[in-house]
Every structure is written in structure tokens, then in C-alpha cells.
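Working notes for the structure below.
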Amino acid sequence: MDAGEAATSPASVESLVVVHNVAKRHNVGTMARSATAFGVSEIVLVGRRDFNAFGSHGSTSHLRFRHFHSLSQARHYLKALSHKPSSQSREERNCDVCGVEITDGALSIADHPFRKSTAFLLGNEGTGLSAKECEICDFFVYIPQYGCGTASLNVTVAASIVLHHFGVWAGFPERSREGNKFTVAEKPVKQIRRNYCASSVESIVEERKSRKQSASIDIFEENGTNDSKLTNLLETLFDD
């Protein structure tokens with residue numbers, strides 16, 4: 001993101017969380033609880049489909065979960081055109097992918113450096129974001145610290161702070177309250193097995209393409225290069 005680029009809150013934006021390489025699986029459940037509190041619409045799981053809902057207090061029922069086998073597939077989904085669930089019209093998701101990491105050029109979360117719908121990628125509890133994870137990010141934010149007693153925050157705590165800041169910037173409407181608690185919506189009917197995210201259509205299509213490419217043997221293609229390969233192979237097999 002360019003420093004001089006205008007950052008104005010659109011009329012309608014989404015907040016998403018990308019989960020990859022989180023070592024403690026129960027952190028996903030705790031993260032889901034924060035996600036529902038701060039208006040996240042979807043959690044994107046990369047790699048493993050299963051997750052531990054411990055600590056979610058039922059909040060996973062109020063979130064969409066989507067699964068992809070690789071980071072590149074997840075990024076393609078976040079950037080590509082998609083169909084609205086209720087119609088055949090197409091909308092451009094075109095999310096920014098924001099890495100939460102202290103890197104050169106990382107921006108303070110307090111400055112709300114957002115432009116549009118954003119998917120937040122948080123790193124491993126011990127090692128932070130990997131090089132491959134950093135590659136899919138459009139920009140990075142960090143959380144300023146003011147005390148001297150710790151070098152980093154728990155991944156779920158970091159997620160809560162970042163998602164709250166995005167919700168403030170996006171102008172998400174505050175939830176109504178009853179007594180000393182916020183009201184909770186009725187649980188939607190469960191469509192999938194608990195603590196398991198089925199593959200998305202996009203992920204299945206991408207996986208099948210990869211398998212076909214890997215399984216194809218191009219020496220029988222009808223072109224000059226592959227004819228030469230076939231000739232060399234036959235000469236090797238039947239050489240006296």
C-alpha cells in the first residue's frame with residue numbers, strides 16, 4: 001500500500017481471517033470468538049480442514065468457514081470475481097491481504113491503514129509469518145506496545161486488537177445490549193460437521209487441475225519438441 005494513498009471507508013466492506021500454520025489448534029476456537037465479536041464474515045482455513053472449537057463458546061456457528069489446500073489458492077479466492085450467494089450476478093471481492101507482523105515498512109494498526117475489504121493473516125505463535133505467507137500479503141501492520149515486559153502477544157490477542165481496529169475504521173454497527181452483555185443472534189442451522197471445514201468449489205477445481213497437470217505425460221503431444229523427446233526415449237530403450 002502506498003503511503004500517500006487515500007484510505008476512506010467504503011459503504012460496505014468485509015473483514016476476513018486467514019488461518020495457516022497456527023500451531024495450537026485451540027487458538028482457532030478462541031480466534032473465532034473474537035472474530036464474531038468484531039464483525040468478521042469468514043474464516044479461511046489453509047492446509048488442514050479440521051480445527052479445535054475449544055474456547056469459541058458456540059461462535060463458530062455464526063461464521064462462514066472456507067478451506068483451501070494452499071496459500072496461493074486462498075489468495076486467488078480473495079482476489080477473484082465471485083458470485084453473490086443469492087443471485088447469479090458477480091461481484092469483485094478483491095480483498096487486501098494484510099499480514100500482522102513487525103516487518104520493515106509495517107504500518108501501525110492505530111493509524112487504520114485500510115482501503116477496502118481486508119483479509120488478515122496472522123503468523124505462527126513462535127516464529128511469526130513465514131516467507132511464503134509474507135509473499136501473499138499486500139501490506140503489513142503491527143500493534144504498538146507501550147510496556148517493556150514482553151516481546152510479543154498471543155496470536156488470539158493480536159487478532160482481537162487488529163479486528164477491533166478494522167471494525168472501528170469500517171464503521172460496523174455496534175451490537176445491541178441486554179443488561180451487562182451484548183445480545184447473541186439465534187444459531188443458524190448447522191450445514192457441516194462440527195469442527196470440520198469442507199473443501200470449497202474453487203479449491204476442488206484447483207486441486208483437480210493440479211492433479212491433471214501432474215499426471216499428464218507430454219511426450220505424446222503432437223509437436224516438434226515432444227516428438228524429439230519420444231525419439232530420444234525410443235533410441236535409449238532399443239539401443240544395441
Side-chain angles (χ1 to χ4, degrees), residues 1-3 5-22 28 31-32 34-47 51 60 62-87 89-101 103 105-109 111-123 128-143 155 158-173 197 199-206:
M1 177 183 294
D2 295 332
E5 200 165 358
T8 57
S9 176
S12 177
V13 295
E14 280 189 294
S15 174
L16 301 89
V17 173
V18 181
V19 175
H20 175 254
N21 199 28
V22 172
V28 177
M31 202 180 300
S34 294
T36 55
F38 301 128
V40 169
S41 58
E42 187 167 281
I43 291 183
V44 177
L45 299 178
V46 181
F51 59 92
T60 53
H62 298 273
L63 284 166
R64 297 195 309 266
F65 281 82
R66 193 176 295 269
H67 171 263
F68 294 97
H69 293 281
S70 68
L71 288 166
S72 59
Q73 290 174 3
R75 179 177 170 81
H76 178 74
Y77 162 72
L78 294 168
K79 295 290 184 181
L81 291 169
S82 61
H83 289 283
K84 292 181 180 179
S86 59
S87 69
S89 61
R90 303 180 76 182
E91 61 178 358
E92 190 172 3
R93 180 177 294 278
N94 194 22
C95 291
D96 274 337
V97 180
C98 175
V100 182
E101 186 67 277
T103 62
L107 306 168
S108 170
I109 192 68
D111 293 333
H112 295 175
F114 311 117
R115 302 179 304 170
K116 53 187 175 182
S117 293
T118 304
F120 293 96
L121 176 60
L122 294 101
L129 291 177
S130 67
K132 287 186 177 180
E133 289 170 329
C134 288
E135 285 177 4
I136 75 164
C137 295
D138 297 304
F139 70 104
F140 299 88
V141 296
Y142 73 94
I143 301 168
V155 65
S160 298
I161 294 171
V162 169
L163 296 173
H164 179 269
H165 272 282
F166 185 84
V168 171
W169 170 82
F172 291 157
C197 181
S199 287
S200 65
V201 174
E202 296 91 343
S203 179
I204 293 171
V205 170
E206 189 66 26

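Along the sequence shown, the residues carry numbers beginning at 1. Treat the numbers as computed from the prediction; the structure is a model and nothing was measured.
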Is there a side chain to side chain contact (heavy atoms under 4.5 Å, CB included) between Y142 and S108? Walk through the geometry before answering. CA-CA 5 Å; Y142 73 94; S108 170; 3.8 Å; yes
What's the separation between atom [atom1] in [X] and atom [atom2] in [Y], rounded to the nearest 0.5 Å?
{"X": "W169", "Y": "S15", "atom1": "CH2", "atom2": "OG", "answer": "10.0 Å"}
{"X": "E42", "Y": "R66", "atom1": "CD", "atom2": "CZ", "answer": "4.5 Å"}
{"X": "D138", "Y": "R115", "atom1": "CG", "atom2": "CZ", "answer": "7.0 Å"}
{"X": "H165", "Y": "F38", "atom1": "NE2", "atom2": "CZ", "answer": "10.0 Å"}
{"X": "E135", "Y": "S130", "atom1": "CD", "atom2": "OG", "answer": "8.0 Å"}
{"X": "L16", "Y": "L78", "atom1": "CG", "atom2": "CG", "answer": "6.5 Å"}

Does the [X] side chain pair with the main chain of [Y], one donor and one acceptor, at a distance under 3.5 Å?
{"X": "H67", "Y": "V46", "result": "no"}
{"X": "E101", "Y": "L129", "result": "yes"}
{"X": "T36", "Y": "S34", "result": "no"}

After noting the C-alpha distance and the side-chain angles of F166 and V13, does the key distance pass the side chain to side chain contact (heavy atoms under 4.5 Å, CB included) rule? CA-CA 10 Å; F166 185 84; V13 295; 4.1 Å; yes
If I compare all heavy atoms of [X] with all of [Y], which pair ends up nearest, and what's the gap?
{"X": "C98", "Y": "C137", "answer": "C-SG, 4.4 Å"}
{"X": "V18", "Y": "A119", "answer": "CG2-CB, 4.0 Å"}
{"X": "R75", "Y": "I136", "answer": "NH1-O, 2.6 Å"}

Aromatic plane relationship, H112 with F114 - under 30° parallel, 30 to 60° tilted, over 60° perpendicular: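 Parallel, since the angle between the ring planes stays under 30°.
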Among V44, T118, V162, L163, whose side-chain contact (heavy atoms from CB on, under 4.5 Å) with V17 holds?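 The passing option is L163.
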